[in-house]
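Everything below concerns the one structure shown next.
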Amino acid sequence: MNMTAINQAPAIAAGVIAFLLVVMLLGLFGLKRSQRIATEHSQQQQRRLDRDIKKVNKQLLEVRSVVVGLGQKVSEQEDIIQHLQQRIKELEQADGDGRMYSRATKMAQLGADLNELIVECELPKAEAELMMSLQNKLAGREKIPPLESFPEQPSQRRRYS
């Protein structure tokens with residue numbers, strides 16, 4: 001039996017080597033398959049990421065255009081605000097006379113005399129006199145003259161037909 005075992009040893013060794021080669025080949029094919037699947041998965045992720053990057057770039061361009069538009073609108077609004085502020089200043093300066101006359105009217109109603117109106121409201125004498133006369137007429141202290149010097153009699157009025 002010894003001899004048969006020795007004669008069979010190369011066959012067993014060849015069988016073991018063949019088995020190991022088959023196992024290694026199967027392992028190599030499995031490894032190769034796993035590598036291919038991982039590569040495909042990686043490529044799918046890369047394509048997804050590329051699509052996402054394109055989408056984000058498009059959104060970024062849209063946001064940029066909106067920001068530029070908003071910047072222009074803000075600039076226009078700033079110009080309008082600046083114009084309105086300038087106009088307010090102009091009106092405040094122009095209305096200084098209106099406030100001065102309002103104050104003079106109030107002072108005349110409260111009984112201020114001509115010199116007080118001239119000094120306090122910085123009115124020329126003629127305007128202060130006019131203010132006093134108007135207030136006296138409104139208060140009933142002076143008569144209001146008629147609008148016409150010779151009013152027509154009802155029978156003298158012309159009738160147009």
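Rounding to the nearest 0.5 Å gives a distance of 11.0 Å between CG of Asp79 and CG of Leu84. In this structure, Gln135 CD and Leu110 CG are separated by 9.5 Å, a value rounded to the nearest 0.5 Å. Remark: Leu130 CG to Leu123 CG distance equals 10.0 Å, nearest 0.5 Å. The line from CG of Leu70 to OG of Ser75 is 12.5 Å long, rounded to the nearest 0.5 Å. Annotation: the span from Leu21 atom CG to Met24 atom CE amounts to 6.5 Å, rounded to 0.5 Å. One distance of note links CG of Leu117 with CZ of Arg103; it measures 9.5 Å at 0.5 Å rounding.
The backbone N or O of Gly30 lies less than 3.5 Å from a partner atom in the side chain of Ser34, making a donor-acceptor pair. Counting only distance, with no hydrogens or angles, the side chain of Thr39 and the backbone of Gln35 share a donor-acceptor pair below 3.5 Å. Under the 3.5 Å distance criterion, the side-chain polar atoms of Arg36 are left unmatched by any main-chain donor or acceptor of Leu31.
Side-chain contact check for Gln109 versus Lys106: some heavy-atom pair is nearer than 4.5 Å. Arg48 is listed as a side-chain neighbour of Arg51, based on a closest heavy-atom distance under 4.5 Å. Residues Gln85 and Ile81 meet the side-chain proximity criterion, which asks for heavy atoms closer than 4.5 Å. A 4.5 Å side-chain heavy-atom check between Glu127 and Met131 finds every atom pair outside the cut-off. No side-chain heavy atom of Val74 sits less than 4.5 Å from a side-chain heavy atom of Gln77.
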_Let's go through Lys55 and Lys58 carefully: what are the C-alpha distance in whole Å and the side-chain angles of both, what is the deciding distance for side chain to side chain contact (heavy atoms under 4.5 Å, CB included) to 0.1 Å, and is it a yes or a no?_
CA-CA 5 Å; Lys55 183 178 174 182; Lys58 184 179 178 183; 5.8 Å; no
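The 12-atom threshold is not exceeded at CD of Gln82, counting heavy atoms of other residues, nucleotides or ligands nearer than 6.0 Å. With a 6.0 Å radius and a threshold of 12 heavy atoms from other residues, nucleotides or ligands, Arg33 has its CZ atom at or below the threshold. Other residues, nucleotides and ligands place more than 12 heavy atoms under 6.0 Å from the CD atom of Glu129.
A single hydrophobic cluster is seen to contain both Leu20 and Ile12, as judged by linkage of ILVMFWY side chains at heavy-atom distances under 4.5 Å, directly or through other members. Under the 4.5 Å side-chain heavy-atom criterion for Ile, Leu, Val, Met, Phe, Trp and Tyr, Met107 and Leu114 are members of the same hydrophobic cluster.
Across every non-hydrogen atom of Met132 and Ala112, the tightest pair is CE-O, 3.3 Å.
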